[in-house]
Amino acid sequence: MSENRGRGSGGNSGSAPYDFGGAWQPSEIELARRVARKKRNQKNALIAALSSALVLGTLIVVIVTSPGWVTLRNTFFKWAYGVEVLPKILLGFATNATLTVIAGTSVALIGLLVALIRTSRTPALTPFRFLATIYVDVFRGVPLLLVILLVGFGIPALQIKGLTNSVLILGTLAVIITYSAYVAEVIRSGILTVHPSQRAAARSLGLSHSQTLRYVVLPQAFKRVTPPLLNDLVALVKDTGLISILGVTDAVRAAQIQTSKSFNYTPYVMAALIFLAVTIPLTRATDRMLRKSLERQNAQGQA
Amino acid sequence: MSENRGRGSGGNSGSAPYDFGGAWQPSEIELARRVARKKRNQKNALIAALSSALVLGTLIVVIVTSPGWVTLRNTFFKWAYGVEVLPKILLGFATNATLTVIAGTSVALIGLLVALIRTSRTPALTPFRFLATIYVDVFRGVPLLLVILLVGFGIPALQIKGLTNSVLILGTLAVIITYSAYVAEVIRSGILTVHPSQRAAARSLGLSHSQTLRYVVLPQAFKRVTPPLLNDLVALVKDTGLISILGVTDAVRAAQIQTSKSFNYTPYVMAALIFLAVTIPLTRATDRMLRKSLERQNAQGQA
Amino acid sequence: SSSDESGTASGDTTTCTPDALQTLEAGVLTIATGEPAYYPWVIDDAPEKGEGFEAAVAYAIATELGYDQAAVKWVRTTFDAAIAPGPKTFDFNLQQYSITDERKEVVDFSSPYYKSNQAIVSFKGSKLDGVTTLQGITDSGAKLGAAVATTSLDVIESTLGLKASVFNDNAAGVTALKNKQIDGLVVDLPTAFYLSAVEVPNGIIVGQIEGSDAADQGFGLLLAKESPLTSCVTKAVDAIRDNGTLASITSKWLADSAGAPVLK
Amino acid sequence: MSAPVLRIEKLRKSFGAEIVLEDITFTVPEHTATVFIGASGSGKSTLLRCINLLEQIDDGVIKLDGQDISAADVNPDEVRKKLGMVFQSFNLFPHMTVLENIILAPTKVQGVSQDEAVDQAFKLLERFGLRDKADQYPDRLSGGQQQRVAIIRSLARSPRLLLLDEITSALDPVLVNEVLSTVRELKSEGMTMVLATHEMGFAKQVANEVCYLHQGRILEWGAPEEILEAPKRAETREFIKRVHDAGRL
Amino acid sequence: MSAPVLRIEKLRKSFGAEIVLEDITFTVPEHTATVFIGASGSGKSTLLRCINLLEQIDDGVIKLDGQDISAADVNPDEVRKKLGMVFQSFNLFPHMTVLENIILAPTKVQGVSQDEAVDQAFKLLERFGLRDKADQYPDRLSGGQQQRVAIIRSLARSPRLLLLDEITSALDPVLVNEVLSTVRELKSEGMTMVLATHEMGFAKQVANEVCYLHQGRILEWGAPEEILEAPKRAETREFIKRVHDAGRL
Ligand SMILES: Nc1ncnc2c1ncn2[C@@H]1O[C@H](COP(=O)(O)OP(=O)(O)OP(=O)(O)O)[C@@H](O)[C@H]1O
Ligand SMILES: Nc1ncnc2c1ncn2[C@@H]1O[C@H](COP(=O)(O)OP(=O)(O)OP(=O)(O)O)[C@@H](O)[C@H]1O
Ligand SMILES: [Mg+2]
Ligand SMILES: [Mg+2]
């Protein structure tokens, strides 16, 4: 059966066997193929370009020539007015930003603590585990708006002496309570996804339970939960605005005040742009991280 | 080197080799060990019980005997009043529920469509890919509240004839637009996490691109994205309440109206309980699913 | 037959009948108010009972236009939703809308049915207790609140030059005031009387702010921009003003809203 | 002597600047098996993927039954109907039962009726002793069973040529056996095959020809006895020695 | 003749109703290697995990240097300081460099100073030819290198006994070699070891004694030549034959 095979230039034992970088010239057939492929690619590019021109063009033309276009532009995109109100909206956004920073830091700490309590096995911590579980369940399930109303208006109603009634502080507190529950759950799931063999390896080396947690489990868990945590950060930035219901003026409220005076919706668009300036880079970073970890995972599976 | 080893009853070739179910009696040493272990377990159980009693007891005593306890109970947990306002809040929650169902269905369809467009490679779809990307970026980044205000108040301002001015419809539309962006991203990432070898296997069998998508990629993607989609559903249930800013009376708004009349916060607590009744089972299901897929993953890693 | 007459400037009452009026629902007059609607404007948040100043005015106008009680349908809107441009879900809306030129660009108003100053509601022992001048209010460092999109908000920002806590509606503002999270809430005078007397524990009216907004032309019924009903509704308001109905309604429901000190 | 099933001439493939395959020329006559051996990264998988048109080649010609399948205007879906391919892992679709996995391509691609496809699937499962697994999901099967189902699945389409890429390297050594005997049986029935493997058992037992791939080139080729027992090139000798040292004969 | 390092008597272990190990009795004298072979699921990994106190046994005694480490009041962390264990996979901590992996236990568990630990780590890396990988992260290493680092990491704590659980079965066959030679070297230096493996190369080259584990029992044991070439029990013969057929000698 071993006859009837030819191997062209064969093992080409004449040339140096590993000389790959040499002056390789595509063969005739390859050149012909390239021409064919190029034609096809050009055709596809043409289709893409035509289709883009057609669709986007039609869209633009339809929008711009539609009877409502001038109204639309004047109502939503009156840039001169937008620039005029920008300082006020930015001032409002300072509230969102400050809140995000303060709440974000507290949430990280509290979330970690709650996650550690929930994943601990120490008998003495049993009641705290129980409380932590209830806490997470409740605050993951109740709308933030409701928590803000309950904490922001409800706690001062108790008229407890010495307790603040500042809506800003209480509103922030409500946000922290709610987001800590979200983040605790994210971190906990991160801790649980660290492969059991990693714990076994650490314990086999003689590391204690808490050393294993500190040196092996947590660092890996954090790496894993960075994307969902970034997602939560984006959500936090956006949700800080909800405390406007307590009378705090954030970016959305500032825009609303302006709009209610002028009946022009450009301030909302400005507010949206400000949020996008912060959130798009964050979501992009999250997506990139997720894609990378995905690629690593796929590479492992194929190895 | 082979001397010096003993093997007790050795290969016990006398008995049937696979007779494991036999009348095994724990040895003396094992019995002693069990007693010791039991003692330790009892000690741990005792610690857990004591600690629970101490912590929870202290907590309850501190709360109940604190000067504010009666106020707290009357302000937040006046059950008689809660039951009285329950019908109104439930009526409000009907809005949340209806909205969730209507928006949920539309979001699923639109989200899937956008995800398919974004993951497609057809040249003719290039402009739609472009538009879909921008759409997802923008609506993932802007607070839902702002979208609701823009759509709910802004669109009627255009005074386009034939277009609805119902705040309920417009508010729902705003929710659909925003959540479709979230869901599109979730589904897209689900599609991307299907292992490339699965596509290769399908293509190797001669399945076309769209057949591969339909029979191999999407079914697996859906299984994977069920937990995050359920998370989004929980978020949707909670976020439907935001359209109350347009004047729609949902559960939160209904509670707010009652509370603003009575200056008693029990309606908020009732609203929270109603939300929890829906969201806790959902999050529990999500968590269970996530844990299962995690276990499967870990089992694979160890095999 | 009536269509050619509807354009005439002179008030021919024959066009303003339920048959001729282009209401949202034929033969039904859809009237909107707030949720919740407050005393003394609406009693018990039940406008369909006709009790309270605005509820009574609404029914008086309905009667004037030829609708009987049963042909009136009530709906609720938020304050700021109704003054935004765009089509409306009501024939007219009354919840203390001050007529201003800015608003007139996007909605229609009837002639005014009541003119009120703005007033500051507070509680005994607050930073505002005992303050008698506008300057005093600015100097007290007090935190004032108002609902979004209201004239009251303009008063705080323009007349007083202070930064306001802005709420979605008066109800939220009242909650904050009760919680002492703000020191004063700016509302129209009749509302202020009610809030200080009934809602806010130890409530006081610090004072009213006269001519707080030069452009303030009083409360009007709000209609969609270029509503076919505007002229008829205005005629009806004028009619009940002229025949004394409005005065008697006012004295019945807003009688106690008399003198509060004027802040200079 | 029939015409060769597969003929590859001067195939070249690079990923960016890295040349992965160079000057690959060989022929696979009908009813024979060609086995590629070589170190990790030598290009075995890439070669099989090129044959299956999962990769676009840089130069050379691939002919299947005389047809140039590397031509620019060839529809890969049509070509793949004639080829069967099994990988190291992730072969089966986890959301379908064994039976569903097997009948997917016949019913969706080749338009065979559901009943007929099921019939044929059961026949194949019977033949390879997996009849009782028809309704199981892949994750309930052992790795060896999974790979056997994967082979059956590609047989269900009666391919002209079977490409097997290290189908045992993710398996427990004691499971390798059952997969090996399945391949042996296919061979004896006349299936034409190209295999890439680290398992010298495969090479010895099924190969008509063994090719040693080294850094993207076929360095040495010949009958299994020649290459495995008396390799001429130093690189091949070194490789075979390392495999032997590792305890694989 | 020194006292045995490990002595196990009548060990029994079950998971729920499933008895995984039964009547396991054996001794590991100093400087010897005992190799466990057996089919998948026969209990090899569970046995090693029991020795390492990662599982709680149901009956029997485990003695390390004469101390009963299965006693209820033993602190597993103390015992594990004397044991080294390497698994099939997931051994190295992916977020630490090779060096950090190696010095973690010495510095955190045994209180060795950072400098001293680094010194010792470099010595070990040097000895096993991995000096230049010290600052790499595990995912940049080949599987064979990873397993060698894992072995080095467990050596850094100078264990009395090394437990190696199929440390090559996740590896490419050609990488098995380097790990095997590392183990051979340890053996020649007198390290006491217990291994579980499917690799008969291990058994042949390093074992003083081979134990064939079958459904949780030691069915046959003896010198490697005996067990691998002339097994007495039919089950052992069958197992050895299957491994042979799979191409592993
Ligand atoms: N998609 C890709 N992009 C870039 N390089 C690739 C890609 N696929 C393979 N390579 C490279 O091509 C070379 C050959 O890889 P290939 O998988 O064909 O080797 P192999 O002989 O199958 O190895 P193994 O025995 O590990 O499976 C390797 O250097 C690899 O890194
Ligand atoms: N944590 C566990 N819970 C329940 N059963 C288990 C657990 N770990 C192992 N088993 C069972 O114990 C038996 C022995 O498993 P073990 O992993 O010890 O076998 P093994 O000889 O190492 O097999 P392999 O060669 O596949 O590694 C198997 O039937 C397995 O299903
Ligand atoms: Mg390969
Ligand atoms: Mg094992």
Side-chain angles (χ1 to χ4, degrees), chain B residues 18 112 115-116 119-124 186-187 189-230 288-303, chain D residues 45 48-49 51-55 75-96 100-111 137-143 146-147 149-150 152-159 161-165 170-172 175:
Chain B
Y18 312 140
L112 176 60
L116 286 180
T119 50
S120 76
R121 288 287 153 263
T122 323
V186 168
I187 296 181
S189 86
I191 290 176
L192 294 180
T193 51
V194 173
H195 200 282
S197 295
Q198 286 282 318
R199 283 169 192 270
R203 299 309 297 270
S204 301
L205 286 173
L207 270 69
S208 69
H209 182 83
S210 59
Q211 283 177 322
T212 302
L213 196 65
R214 175 161 163 212
Y215 297 112
V216 176
V217 177
L218 283 185
Q220 293 185 56
F222 279 131
K223 217 164 175 182
R224 253 162 242 229
V225 296
T226 311
L229 284 186
L230 277 180
R288 206 170 322 119
M289 250 179 252
L290 273 177
R291 200 167 44 247
K292 263 195 201 151
S293 79
L294 190 71
E295 272 162 18
R296 217 171 313 123
Q297 206 173 303
N298 280 347
Q300 272 174 6
Q302 265 178 326
Chain D
S45 300
L48 295 188
R49 291 173 59 85
I51 299 174
N52 206 10
L53 305 186
L54 290 168
E55 302 286 355
N75 178 355
D77 291 340
E78 289 303 316
V79 172
R80 288 190 197 121
K81 286 182 188 169
K82 299 192 204 153
L83 296 171
M85 179 150 184
V86 182
F87 311 91
Q88 174 180 335
S89 47
F90 295 107
N91 276 295
L92 298 184
F93 304 131
H95 59 295
M96 297 181 180
E100 286 164 357
N101 261 285
I102 297 176
I103 65 171
L104 178 68
T107 55
K108 305 300 175 198
V109 180
Q110 294 166 314
Y137 282 89
D139 60 1
R140 309 300 300 275
L141 304 184
S142 78
Q146 286 187 32
Q147 288 298 53
V149 171
I152 290 175
R153 186 176 63 176
S154 63
L155 292 179
R157 300 162 42 249
S158 322
L161 178 66
L162 209 52
L163 308 170
L164 305 178
D165 185 8
L171 296 185
D172 217 287
L175 297 177

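All chains are named by letter (A, B, ...) in the order of the sequence lines, taking the proteins before the strands, and each is independently numbered beginning at 1.
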Are the side chain of D:Glu78 and the backbone N or O of B:Gly206 linked by a donor-acceptor pair below 3.5 Å? no
pair D:Met96-B:Pro219: side-chain heavy atoms closer than 4.5 Å: no
Given heavy-atom pairs under 4.5 angstrom as the criterion, report whether the side chain, backbone, both or neither of D:Asp77 touches chain B. both
When heavy-atom pairs shorter than 4.5 Å are enumerated against chain B, which of D:Lys81, D:Met85, D:Arg80, D:Gln110 gives the highest number? D:Arg80
Which pair of heavy atoms, one from B:Ser204 and one from D:Arg157, lies closest together, and at what distance? O-NH2, 3.6 Å
If I compare all heavy atoms of D:Ser89 with all of B:Ser197, which pair ends up nearest, and what's the gap? O-CB, 4.3 Å
Given that the side chain runs from C-beta out, which part of B:Gln211 has a heavy atom under 4.5 Å from chain D: side chain, backbone, both or neither? side chain
Can you name the closest pair of heavy atoms from B:Leu207 and D:Val109 and give their distance? CD1-CG2, 3.5 Å
When every non-hydrogen atom of D:His95 is compared with those of B:Tyr215, the smallest separation belongs to NE2-O, 2.8 Å
Check whether D:Asn75 gets within reach of chain B through its side chain, its backbone, both or neither, counting any heavy atom under 4.5 Å. neither
Taking side chain as everything from C-beta outward and backbone as N, CA, C, O, which of these in D:Phe87 sits under 4.5 Å from a heavy atom of chain B? Side chain, backbone, both or neither. side chain
For the pair B:Arg203 (side chain) and D:Leu54 (backbone), establish whether a donor and an acceptor sit closer than 3.5 Å, ignoring hydrogens and angles. no
Examine whether an atom of D:Leu163 lies under 4.5 Å from a heavy atom of chain B, and if so say whether it belongs to the side chain, the backbone or both; otherwise answer neither. neither
